[in-house]
*Asks:* 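Before we start, here is the structure in question, set down as structure tokens.
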Amino acid sequence: TLTGRLNAVFKKLRSRGKLHPKQVEAALADMRTALLEADVAVEVAEDLLERVRTRALSEEVMRSLTPAQQVVKVVRDELTATMGGTQAAFTLPSARPAVVMVAGVQGSGKTTACAKLARMVKEKGKHPLLVAADLQRPAAIEQLVTLGREIGVPVVSDGRDPVKVARSALKQAGREGLDVVIVDTAGRLHVDDEMMREARRVKEALRPHHVLMACDAMTGQDAVVQARAFMREVDTTGFVLTKIDGDARGGAALSITAVTGRPVFFVGTGEKLSDLEPFYPDRMASRILG
Amino acid sequence: DAEWAGLEELLVRADVGPATATRIVKEVRERFAPGDDPRALIAEELVAILGRDHGLELPSDRLAVILVVGVNGSGKTTTIGKLAARLAAEGRTVSLAGGDTFRAAASEQLEVWAARAGAHLVAQERGADPAAVAFDAVTSAIARGVDVLIVDTAGRLHTRTPLMDELRKVRRVLEKAGGRPDEVLLVLDATTGQNGIAQAAAFAEAVEVTGVALTKLDGTAKGGIVLAVRERLGVPVKLIGTGEGIGDLETFDPHAFAERILG
Ligand SMILES: Nc1nc2c(ncn2[C@@H]2O[C@H](COP(=O)(O)OP(=O)(O)OP(=O)(O)O)[C@@H](O)[C@H]2O)c(=O)[nH]1
Ligand SMILES: Nc1nc2c(ncn2[C@@H]2O[C@H](COP(=O)(O)OP(=O)(O)OP(=O)(O)O)[C@@H](O)[C@H]2O)c(=O)[nH]1
Ligand SMILES: [Mg+2]
Ligand SMILES: [Mg+2]
């Protein structure tokens, strides 16, 4: 455990009574390795440890009888705070329709997340419309149609390009009185300028209330790069962290929230459409710390 | 000193992993002589770790079978489509097995790739036993005198024991049908972090992985976890995916890979 590791670090540089700053430095170096092993981005780990250093060098920690525990607590608190502190409520305005666009890199779980979200809002009494705006991936539309059928939510994909599909879907939602429109988009690389331009155009057509970025919980150092780029291009409002049912430590959760200041609203906990749960920063902090 | 720290950070950012990165830099520093180029020495070390056996080993006198496995969304189905096209271009006849009988529109997706690659597809209805599809596909491939059979499987997280058992069964049935796999390719997404090592270990234990197909290298992720996968499991990278098009498949080149990591 992290406390165990830090205890060992403090023991090695044993000094009498009060904790020595050297011990704190050794602990921070060990913490850095632990965070990197958990896939926290290098820059994010270093920023976090800077804040931890300041707090760890305080009188209260330095004079504590259980300094390792104190330092772990500081790290855990900082992790939790950086990820938003408390669970972020995902709210939809009463506008008709409320529009959610889901974006992200290839294979991150967008299509599944759209269907999961549609099921969730339907359970809350809303009338969602799923929009299959990925016209690129083979059988992407069929995939969303199949999922929509499983949960009794209509799926549309009317148009020869994603912008037209988006516009047509909004019109249809208006005509049929559907109050939530959830738009699935093609997976795209943040370095594919043309695809990022397309994402912006789809967003402009939708004027969405939320742009959620699906992010795979097993993503490594690249999570920061992806999150920054999508933030810059489509001003993401928050994240769905997918495939958390694996055993990845999930440092990406810290990376993406730290560099965007946006929260993780949901986690994907499996392949069933009911496998969507709220994100709890404190639980994630424990997971990252192992 | 700062230069070495900079190189170590480059490795960490490439998902090589902090322990491996520290070790590599430490070992290279130990044999460093004045006048040496640190970056070139690190590149050499990466190439040495990655090894030499990067080709697909397929028999030419009987049915060759390739089993494709990996976690959800890593790029298995797309890689199969590209590989089928490559093998067809080499003059081989290819058959595909629709072993993902679980996910929505998995069959339809593989159908599109089979058509693009000119490959024959053996599939059953959604919900069928993947082992039954595997059995059928081998029987059909042998009967048709096809050169290569590539077996797609559903994405699965390695932590799900029943799903890993299902994969073991698929492999056993392939052997029973006379289609023992010549290659078992683990498809790893280049954006995967340290969990990639746990994935590789679990899949290797379950179905004896013979090679890695590292996908999405057309992004910014470097795929550094393949170093630990090679070192700890002895599994080499055989193929890399560099895009979503049918031609975006390359044979693994350790030198180019090392260069890309070191920027
Ligand atoms: N175990 C698990 N699997 C998931 C989760 N979310 C999605 N998946 C699986 O991950 C794979 C990819 O999901 P998709 O929804 O197709 O991902 P995508 O982002 O739409 O992919 P592209 O459209 O190709 O970019 C599928 O096999 C899903 O069933 C999750 O939370 N847990
Ligand atoms: N940019 C890029 N995208 C890729 C590459 N390989 C696959 N993809 C994309 O990644 C997404 C997932 O690919 P799939 O082939 O469906 O992945 P899979 O492993 O079969 O997914 P599941 O069967 O759901 O587990 C698709 O959008 C592909 O187009 C690659 O090398 N580069
Ligand atoms: Mg999709
Ligand atoms: Mg697939």
Side-chain angles (χ1 to χ4, degrees), chain A residues 32-43 45 105-112 115 136-150 186-192 215-226 229 242-243 245-252 268 270-271, chain B residues 8-10 12-19 21-22 71-78 81 102-113 115-116 126 154-160 163 188-196 198-199 202 215-216 218-225 241 243-244:
Chain A
R32 183 177 180 275
T33 305
L35 291 172
L36 295 178
E37 281 171 9
D39 290 324
V40 175
V42 178
E43 60 180 280
V105 303
Q106 290 86 349
S108 54
K110 299 174 292 299
T111 304
T112 309
Q136 211 157 288
R137 165 177 158 147
I141 300 173
E142 285 92 320
Q143 185 184 1
L144 196 62
V145 165
T146 302
L147 296 178
R149 194 177 306 130
E150 283 176 26
R188 70 200 67 226
L189 291 177
H190 46 289
V191 290
D192 185 334
C215 183
D216 194 324
M218 65 185 89
T219 310
Q221 295 290 315
D222 203 49
V224 222
V225 187
Q226 291 176 22
T242 62
K243 309 176 207 171
D245 46 311
D247 58 2
R249 296 271 290 283
E271 293 191 78
Chain B
E8 187 169 333
E9 179 163 326
L10 264 184
V12 170
R13 291 218 209 162
D15 288 315
V16 166
T22 300
V71 302
N72 308 71
S74 59
K76 297 175 292 299
T77 305
T78 306
F102 172 76
R103 209 204 68 212
S107 269
E108 289 84 335
Q109 184 187 8
L110 191 60
E111 263 174 47
V112 172
W113 282 109
R116 286 177 181 176
R126 190 179 174 202
R156 70 203 66 225
L157 294 184
H158 55 288
T159 44
R160 296 211 42 201
L163 298 185
L188 275 177
D189 187 325
T191 64
T192 309
Q194 297 311 298
N195 194 247
Q199 289 175 28
T215 61
K216 308 176 198 173
D218 44 319
T220 47
K222 305 294 188 284
I225 36 146
E244 301 189 77

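So you know, we letter chains A, B, ... as the sequences are listed, proteins then strands, and number each from 1. These values consider heavy atoms only, across backbone and side chains, with no hydrogens, waters or symmetry-generated copies.
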*Asks:* Heavy atoms only, distances under 4.5 angstrom: which of B/A21, B/S74, B/A14, B/A105 has the most pairs with chain A? Name it, please.
*Replies:*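 Top count of heavy-atom pairs under 4.5 Å with chain A: B/A105.
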*Asks:* Pick from B/Q199, B/E9, B/R103: which one has the most heavy-atom pairs with chain A under 4.5 Å?
*Replies:*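 It is B/R103.
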*Asks:* So which residue, B/Q109, B/R13, B/H158, ends up with the most heavy-atom pairs under 4.5 Å with chain A?
*Replies:*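 If we count pairs closer than 4.5 Å to chain A, B/Q109 comes out on top.
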*Asks:* So which of B/V112, B/T220, B/I225 has the largest heavy-atom pair count under 4.5 angstrom toward chain A?
*Replies:*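 Of B/V112, B/T220, B/I225, B/T220 has the most heavy-atom pairs under 4.5 Å with chain A.
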*Asks:* Return yes if some donor-acceptor pair links the side-chain N/O of B/D15 with the main-chain N/O of A/Q221 below 3.5 Å, else return no.
*Replies:*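 Answer holds: yes.
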*Asks:* Does any heavy atom of chain A fall under 4.5 Å from the side chain of B/E111, the backbone, both, or neither of them?
*Replies:*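 For B/E111, neither part sits under 4.5 Å from chain A.
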*Asks:* If I compare all heavy atoms of B/A221 with all of B/A190, which pair ends up nearest, and what's the gap?
*Replies:*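 Taking B/A221 first and B/A190 second, the nearest heavy atoms are CB-O, 3.3 Å.
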*Asks:* Can you tell which part of B/Q194 gets under 4.5 Å to a heavy atom of chain A, answering side chain, backbone, both or neither?
*Replies:*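 Both parts, backbone and side chain.
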*Asks:* Pick one of side chain, backbone, both or neither for A/D192, based on which atoms fall under 4.5 Å of a heavy atom in chain B.
*Replies:*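 A/D192 has no heavy atom closer than 4.5 Å to chain B.
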*Asks:* Chain B: which of A/Q226, A/R249, A/E37 shares the most heavy-atom pairs with it under 4.5 Å?
*Replies:*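 Heavy-atom pair counts peak at A/E37.
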*Asks:* For the pair B/E244 and B/R116, find out whether any cationic side-chain nitrogen is under 4.0 Å from an anionic carboxylate oxygen.
*Replies:*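 No.
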*Asks:* Go through A/K243, A/E142, A/Q106 and name the one with the most non-hydrogen pairs under 4.5 angstrom from chain B.
*Replies:*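 The candidate making the most pairs under 4.5 Å is A/Q106.
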*Asks:* A/V191, A/D216, A/T219: which one forms the most heavy-atom pairs within less than 4.5 Å of chain B?
*Replies:*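 With the most close heavy-atom pairs to chain B, the winner is A/T219.
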*Asks:* Evaluate the side chain to side chain contact (heavy atoms under 4.5 Å, CB included) criterion for residues A/D222 and B/K222: first the C-alpha distance (whole Å), next the side-chain angles of each, then the deciding distance (0.1 Å), finally the verdict.
*Replies:* CA-CA 8 Å; A/D222 203 49; B/K222 305 294 188 284; over 6 Å; no
*Asks:* Hey, could you give me the CZ/NZ distance between A/R188 and A/K110, rounded to the nearest 0.5 Å?
*Replies:*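 Here the rounded value is 8.0 Å.
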*Asks:* Restricting to side-chain hydrogen bond (donor to acceptor under 3.5 Å, both in side chains), what partner residues turn up for A/Q136, sequence neighbours left out?
*Replies:*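 Result, side-chain hydrogen bond (donor to acceptor under 3.5 Å, both in side chains) vs A/Q136: none returned.
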*Asks:* Tell me, please, which residues at least two apart from B/T215 pass side-chain hydrogen bond (donor to acceptor under 3.5 Å, both in side chains).
*Replies:*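 B/T215: no side-chain hydrogen bond (donor to acceptor under 3.5 Å, both in side chains) contacts found.
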*Asks:* Would you check if B/F102 and A/E271 make a side-chain contact, meaning some heavy-atom pair closer than 4.5 Å?
*Replies:*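 Yes, close enough: below the 4.5 Å cut-off.
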*Asks:* With a 4.5 angstrom heavy-atom cut-off, which part of A/R137 approaches chain B: side chain, backbone, both or neither?
*Replies:*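 For A/R137, side-chain heavy atoms alone lie under 4.5 Å from chain B.
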